[in-house]
Protein chains: 2
Amino acid sequence: MPRKVTLADVSRAAEVGVATVSRALGDHPDVSEATRQRVRAVARSLGYRPSATARALRTGEYRAISVIVPDAGWGWWEPVVRAAFKAAAEVGYYLMAHPVAGTKGGAAAIVEALANVPTDGVIVIGVPDQDGVCEACDRIALPAIAIDDTSRTVRFPTISAQNREGARLAVEHLISLGRRSIALLRPNIGVETDNWGDGLFIDHRTLGYRDALDSAGIAFDESLIIDCTDPFNETRKHWRELEAELSTGVRIDAMFCAADSMAGAALRTLRAHGLKVPEDVSIVGFDDERAAILVDPQLTTIRQPYEEMGCYAVELLLRKIQGEHVDIRRYEFVTELVRRSSTDEPERLAKPDGTT
Amino acid sequence: MPRKVTLADVSRAAEVGVATVSRALGDHPDVSEATRQRVRAVARSLGYRPSATARALRTGEYRAISVIVPDAGWGWWEPVVRAAFKAAAEVGYYLMAHPVAGTKGGAAAIVEALANVPTDGVIVIGVPDQDGVCEACDRIALPAIAIDDTSRTVRFPTISAQNREGARLAVEHLISLGRRSIALLRPNIGVETDNWGDGLFIDHRTLGYRDALDSAGIAFDESLIIDCTDPFNETRKHWRELEAELSTGVRIDAMFCAADSMAGAALRTLRAHGLKVPEDVSIVGFDDERAAILVDPQLTTIRQPYEEMGCYAVELLLRKIQGEHVDIRRYEFVTELVRRSSTDEPERLAKPDGTT
DNA sequence: TAGTCTATCGGGAGCGTTTCCGGTAACGTT
DNA sequence: AACGTTACCGGAAACGCTCCCGATAGACTA
């Protein structure tokens with residue numbers, strides 16, 4: 001294999017100093033147009049490629065950032081990552097993704113490994129023990145910012161959607177269809193949730209659910225809250241209880257899936273109990289992830305502005321990398337309702353407010 | 001922020017030479033146990049972390065490899081990447097993922113960017129212009145190996161499933177259910193396919209389809225082949241033709257989806273035309289990606305041994321990195337049929353071979 | 001004509017490692 | 001007592017780059 005061609009090689013071939021080559025290639029001002037051209041030409045013909053390592057060692061910056069994601073693929077964060085990739089590329093930064101799934105040792109191990117990866121900062125997206133990761137980053141002086149919040153306190157700049165308002169939007173939509181017995185299906189994310197407290201996204205969504213009920217004067221019924229651990233295997237106790245209730249004839253006429261990923265299981269279960277969607281039960285999800293259009297019927301859901309969130313994340317991170325101060329608070333983004341067939345109006349139901 | 005602590009700092013604090021520190025930390029033989037302990041302790045208390053950059057610059061190896069994937073998430077390659085991550089970690093290598101989706105410039109640009117990323121080699125997974133990417137890697141002396149094949153020739157070590165045998169398995173299963181009018185739904189992958197030639201995975205799957213038909217003595221009917229560009233939007237002409245046929249009463253009783261990602265659309269379309277799965281139409285997919293268990297009914301499909309493939313990929317790549325010779329050929333892995341409800345036997349159909 | 005200024009360039013240090021090589025001290029051997 | 005061995009350690013070079021600083025030559029000013 002051909003030995004790597006270095007600055008010195010180019011310098012020799014172009015008959016100029018190595019410093020000049022560096023400047024010519026780096027578009028610095030104090031080099032004549034003529035030499036710049038010549039150096040350029042020689043470098044190209046020699047197939048010169050700068051060593052990112054050497055450059056990083058010298059300058060102390062890698063021009064690369066990392067995102068830590070829960071898994072390689074499959075999740076609401078995909079579009080966020082995609083957007084972040086693009087945003088980073090636009091300012092000449094390279095972005096790399098680090099899935100934590102399957103890694104043993106969890107957050108700590110991830111950051112441990114990250115210490116060996118050339119990166120100027122990290123974006124932590126919806127991983128368990130988000131705070132732990134961020135703090136570990138802090139310890140090794142790595143700027144970090146978080147997206148979504150799986151930790152109750154805000155000790156790092158945190159980007160999230162307006163979860164409470166979004167949930168309210170969802171449930172209001174169901175109510176506007178004339179639904180009144182609305183179940184809340186919640187993903188269990190491995191940390192204790194606190195229905196009323198501030199913090200976890202799922203808490204906010206629960207609050208939004210209550211907000212909508214309250215405004216509509218519908219009594220809150222705790223038995224309609226169902227926690228669901230595994231969206232694919234439906235192992236959670238509460239979920240089985242719902243199934244039991246359904247088979248004993250308890251009726252719900254709507255369901256707010258606080259995460260799209262559970263929609264498949266929900267649909268299957270409802271169907272198994274002879275309930276039709278959207279005729280008998282209307283469903284609204286949250287996240288607008290790709291599963292939403294895969295299921296049948298396609299899912300009405302709450303969409304987060306993933307692109308904006310991803311872009312803003314890199315923007316914030318770059319600021320932090322450049323030493324600017326970034327407020328430690330939650331940066332919230334507005335959500336919108338995406339209507340699909342899971343909330344088609346089956347028949348003309350009399351609505352509370354009398355509109356069509 | 002605290003300045004980074006270097007070898008020199010540790011050396012000063014431990015009152016030994018920097019070379020000794022390096023050796024002590026690196027578990028080299030010629031350093032006394034006593035000093036090793038002391039250096040270790042000092043390093044820990046100072047919070048020393050070796051600079052991966054400096055080390056890489058000196059040693060010339062990064063102990064990191066890259067995977068290039070079509071997209072950030074959502075696809076059959078997810079488990080491959082996951083397995084590769086693990087395999088790499090086990091031998092002390094770090095793996096990073098590079099999605100090409102959204103990148104402008106395609107393959108060339110990717111590798112261009114990769115030149116600035118510290119990596120010892122790359123695994124290219126199912127991206128368009130796979131050959132182009134591999135060749136670009138070759139040019140910059142980056143060891144590369146490919147997984148799956150979206151190029152017709154094998155100019156790089158290529159890992160793939162036994163696509164032909166897998167497809168045969170799928171279709172034989174359908175035939176064993178008594179089905180005889182079996183549609184083949186194919187993903188369009190952006191390159192011209194050649195039904196009979198060797199190369200693209202989809203060609204192999206088509207061949208397997210024919211193999212099964214031939215063995216069962218079922219005549220091949222070209223009009224049952226449907227090409228489908230976008231699994232989510234179903235825009236392809238042939239697909240609309242199928243829909244048209246279905247509505248004019250043309251009957252199929254089974255469908256082999258040559259990629260799971262199309263199953264959602266297929267199911268929706270069939271349902272829209274009043275056909276029930278699995279009662280009226282049996283469906284088998286290919287890939288066993290996560291979509292397979294999300295759809296309703298859950299999809300019988302052909303599973304590739306993703307974990308093995310991912311592990312083998314890093315094994316092969318590491319060998320290449322270490323300068324060993326790696327045969328340039330296709331490394332094929334056996335597939336298996338995963339039975340789910342989309343091929344439940346609806347009623348007792350008379351089977352050709354008379355078995356139950 | 002002498003001095004100053006600008007444009008252009010080269011030398012060389014230094015980023016944090018690893019590793020070669022040479023040096024010292026302690027020990028064992030004749 | 002003189003030598004060779006062994007065990008341990010430190011100095012320093014090198015990896016490829018950037019950038020500070022000083023040098024040179026020509027142009028311009030007084």
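Chain letters run A, B, ... following the sequence lines, proteins first and then strands; every chain starts at 1. The figures here come from the full heavy-atom set of this structure, side chains too, leaving out hydrogens, waters and symmetry mates.
- Partners of B/Tyr312 according to the ring pair (Phe, Tyr, Trp, His ring centres under 6.0 Å) rule, which considers only residues two or more places apart in sequence or in another chain, are B/Tyr331, B/Phe333.
- Partners of B/Thr20 under the side-chain contact (heavy atoms from CB on, under 4.5 Å) rule, at least two apart in sequence or in another chain, are B/Val16, B/Arg23, B/Val31.
- Partners of B/Glu61 according to the salt bridge (charged side-chain N to carboxylate O under 4.0 Å, His left out) rule, which considers only residues two or more places apart in sequence or in another chain, are B/Arg63.
- The residue among B/Val31 and B/Ala54 whose nearest nucleotide of DNA chain D lies closer to the 5′ end is B/Val31.
- Note that the two end axes of the helix from C/dT1-D/dA30 to C/dT30-D/dA1 enclose an angle of 60°, each drawn from 5 base pairs, rounded to 10 degrees.
- Residues satisfying the side-chain contact (heavy atoms from CB on, under 4.5 Å) criterion with A/Glu332, sequence neighbours excluded, are A/Ser160, A/Gln162, A/Arg330.
- Among the heavy atoms of the strands lying under 4.0 Å from B/Ser32 are primed sugar atoms or P, OP1, OP2 only; no base atom is included.
- Contact annotation: side chain of B/Arg55 to base of C/dT17, donor-acceptor pair absent below 3.5 Å.
- Listed by chain and residue number, nothing satisfies the side-chain contact (heavy atoms from CB on, under 4.5 Å) test with B/Ala52 (two or more places apart in sequence, or in another chain).
- Heavy-atom minimum distance, B/Cys134 versus B/Ala146: SG-CB, 4.4 Å.
- Contact check of residues 42-50 of chain B against DNA chain C (heavy atom, cut-off under 4.0 Å) returns B/Tyr48, B/Arg49, B/Pro50.
- If you take CD of B/Glu61 and C1' of C/dT18, they are 11 Å apart, rounded to a whole angstrom.
- For the side-chain contact (heavy atoms from CB on, under 4.5 Å) test, residues two or more places apart in sequence or in another chain that qualify with B/Ala97 are B/Val67.
- Regarding A/Leu25, its CG atom lies at a distance of 13 Å from the P atom of D/dC19, rounded to whole Å.
- Atom CD of A/Glu15 is surrounded by 12 or fewer heavy atoms from other residues, nucleotides or ligands within 6.0 Å.
- Nucleic acid contact for A/Thr35: sugar-phosphate only, since backbone atoms but no base atoms lie under 4.0 Å from a heavy atom of the residue.
- Residues meeting the ring pair (Phe, Tyr, Trp, His ring centres under 6.0 Å) test with B/Tyr94, sequence neighbours left out: A/His98.
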Can you pull every protein N or O that's under 3.5 Å from an N or O on nucleotides 21-26 of chain C?
none

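- Of the candidates B/Val133, B/Asp131, B/Val124, B/Asp131 is the only one forming a side chain to side chain contact (heavy atoms under 4.5 Å, CB included) with B/Phe156.
- Atom CZ of A/Arg12 and atom P of D/dC17 are 12 Å apart (whole Å).
- Whole-Å rounding puts the B/Leu7 CG to D/dG10 C1' distance at 14 Å.
- Here salt bridge (Lys or Arg N to Asp or Glu O under 4.0 Å) pairs that include residues 48-58 of chain B, with residues two or more places apart or in two chains, are A/Glu112-B/Arg49.
- Close to C/dT18, at under 4.0 Å from its OP1 or OP2, lies no side-chain N or O of B/Thr59.
- Side-chain to base pairing of B/Arg58 with C/dT17: no donor and acceptor N or O lie closer than 3.5 Å to each other.
- Atom-to-atom, CG of A/Leu57 to P of D/dC19 comes out at 13 Å; the value is rounded to the nearest Å.
- Of the candidates C/dT17, D/dC9, C/dG10, the closest approach to any side-chain atom of B/Ser51 belongs to C/dT17.
- Atom pair A/Glu15:CD and C/dC9:P shows a separation of 13 Å (rounding to whole Å applied).
- In this entry the distance linking OH of B/Tyr62 with C1' of D/dC15 reads 11 Å, nearest Å.
- C/dG10 atom C1' lies 15 Å from atom NE2 of A/His28, rounded to whole Å.
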For residues 41-48 of chain B, dump all side-chain donor-acceptor pairs below 3.5 Å to protein atoms at least two apart in sequence or in another chain.
from	atom 1	to	atom 2	distance (Å)
B/Ser45	OG	B/Val42	O	3.0

